[in-house]
Amino acid sequence: MADDWTVEVDTRRCIGSGVCASTAPGRFTLNNTGRSQPTTPTVTPEDRVLDAAFTCPMEAITITDWGTGRSIFPEEGVGV
(Lines give C-alpha, C1' and ligand atoms only; values in the text may rest on other atoms or scores of the structure.)
Protein backbone atom coordinates (compact mmCIF):
# COMPACT_ATOMS: atom_id res chain seq x y z
CA MET A 1 0.00 0.00 0.00
CA ALA A 2 2.95 2.33 0.56
CA ASP A 3 3.51 2.63 -3.19
CA ASP A 4 -0.18 3.08 -4.02
CA TRP A 5 -1.79 6.19 -5.44
CA THR A 6 -4.81 7.99 -4.03
CA VAL A 7 -7.19 8.97 -6.84
CA GLU A 8 -9.81 11.68 -6.46
CA VAL A 9 -12.30 13.31 -8.81
CA ASP A 10 -13.51 16.85 -8.14
CA THR A 11 -17.23 16.38 -8.81
CA ARG A 12 -17.71 20.15 -9.04
CA ARG A 13 -15.44 20.21 -12.09
CA CYS A 14 -16.39 16.89 -13.65
CA ILE A 15 -18.80 17.11 -16.61
CA GLY A 16 -19.26 13.35 -16.95
CA SER A 17 -17.64 13.01 -20.36
CA GLY A 18 -16.61 9.44 -19.56
CA VAL A 19 -13.13 9.87 -21.01
CA CYS A 20 -11.60 8.57 -17.78
CA ALA A 21 -13.85 5.50 -17.69
CA SER A 22 -12.98 4.62 -21.28
CA THR A 23 -9.26 5.31 -20.78
CA ALA A 24 -9.03 3.36 -17.52
CA PRO A 25 -11.92 0.90 -17.44
CA GLY A 26 -12.33 -0.68 -14.04
CA ARG A 27 -10.65 2.30 -12.39
CA PHE A 28 -13.30 4.97 -13.05
CA THR A 29 -17.05 4.81 -13.42
CA LEU A 30 -19.87 7.30 -13.82
CA ASN A 31 -22.10 7.51 -10.76
CA ASN A 32 -25.89 7.99 -10.63
CA THR A 33 -25.48 11.77 -11.12
CA GLY A 34 -23.43 11.24 -14.28
CA ARG A 35 -20.18 12.30 -12.67
CA SER A 36 -16.99 10.30 -12.62
CA GLN A 37 -15.67 8.58 -9.54
CA PRO A 38 -12.78 6.22 -8.92
CA THR A 39 -13.86 2.62 -8.37
CA THR A 40 -11.51 2.47 -5.36
CA PRO A 41 -9.85 5.33 -3.45
CA THR A 42 -6.37 3.84 -3.86
CA VAL A 43 -4.80 2.03 -6.81
CA THR A 44 -1.53 0.42 -7.71
CA PRO A 45 0.31 2.85 -10.00
CA GLU A 46 -0.80 2.33 -13.59
CA ASP A 47 -0.15 4.28 -16.75
CA ARG A 48 -3.82 4.10 -17.72
CA VAL A 49 -4.86 5.88 -14.50
CA LEU A 50 -2.32 8.61 -15.20
CA ASP A 51 -3.54 8.78 -18.82
CA ALA A 52 -7.13 9.20 -17.59
CA ALA A 53 -6.11 12.14 -15.40
CA PHE A 54 -4.10 13.69 -18.22
CA THR A 55 -6.93 13.41 -20.75
CA CYS A 56 -9.72 14.64 -18.46
CA PRO A 57 -11.17 17.64 -20.31
CA MET A 58 -11.98 19.43 -17.06
CA GLU A 59 -8.76 18.56 -15.18
CA ALA A 60 -10.95 17.11 -12.44
CA ILE A 61 -8.73 14.13 -11.51
CA THR A 62 -5.92 14.33 -8.99
CA ILE A 63 -3.49 11.58 -8.12
CA THR A 64 -1.26 11.62 -5.05
CA ASP A 65 1.27 9.20 -3.66
CA TRP A 66 -0.52 7.46 -0.79
CA GLY A 67 2.61 7.12 1.34
CA THR A 68 4.17 10.56 0.90
CA GLY A 69 1.25 12.77 -0.11
CA ARG A 70 3.30 14.01 -3.08
CA SER A 71 1.22 15.10 -6.06
CA ILE A 72 1.63 12.74 -9.01
CA PHE A 73 -0.91 14.57 -11.19
CA PRO A 74 -0.98 17.39 -11.66
CA GLU A 75 2.72 17.59 -11.03
CA GLU A 76 3.66 19.97 -8.26
CA GLY A 77 4.66 23.35 -9.61
CA VAL A 78 3.51 22.58 -13.14
CA GLY A 79 0.41 24.17 -14.60
CA VAL A 80 -1.91 21.73 -16.31
Original post:
How would you list all residue pairs meeting side chain to side chain donor-acceptor pair (under 3.5 Å) that involve residues 6-21, not counting sequence neighbours?
Top reply: Asp10-Arg12
Subject >> Evaluation steps, side chain to side chain contact (heavy atoms under 4.5 Å, CB included), between Asp4 and Thr44 >> reply: CA-CA 5 Å; Asp4 287 353; Thr44 302; 3.9 Å; yes
Subject >> Derivation and outcome, side chain to side chain contact (heavy atoms under 4.5 Å, CB included), residues Thr23 and Phe28 >> reply: CA-CA 9 Å; Thr23 302; Phe28 294 91; over 6 Å; no
Original post:
In terms of hydrophobic clusters joined by side-chain contacts under 4.5 Å, are Ile61 and Leu50 together?
Top reply: yes
Original post:
Shared ILVMFWY cluster between Phe54 and Val9, side chains joined below 4.5 angstrom?
Top reply: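 In one cluster: yes.
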Looking only at non-hydrogen atoms, find the nearest pair between [X] and [Y] and report the distance.
X	Y	answer
Val19	Ser22	O-OG, 3.0 Å
Ala60	Cys14	CB-N, 3.9 Å
Gly16	Leu30	O-CD1, 4.0 Å

How long is the straight-line distance from [atom2] of [Y] back to [atom1] of [X], given to the nearest 0.5 Å?
X	Y	atom1	atom2	answer
Thr42	Ile63	OG1	CD1	12.5 Å
Thr62	Ile72	OG1	CD1	11.0 Å
Trp66	Asp3	CH2	CG	10.5 Å

Original post:
Hey, does the side chain of Arg48 reach the backbone of Pro25 with a donor-acceptor pair shorter than 3.5 angstrom?
Top reply: yes
Original post:
Of all residues at least two apart in sequence or in a different chain, which pass the side-chain contact (heavy atoms from CB on, under 4.5 Å) check with Thr29?
Top reply: Gln37, Thr39
Original post:
Can Val43 and Arg27 be said to form a side chain to side chain contact (heavy atoms under 4.5 Å, CB included), step by step?
Top reply: CA-CA 8 Å; Val43 299; Arg27 294 299 184 193; 3.7 Å; yes
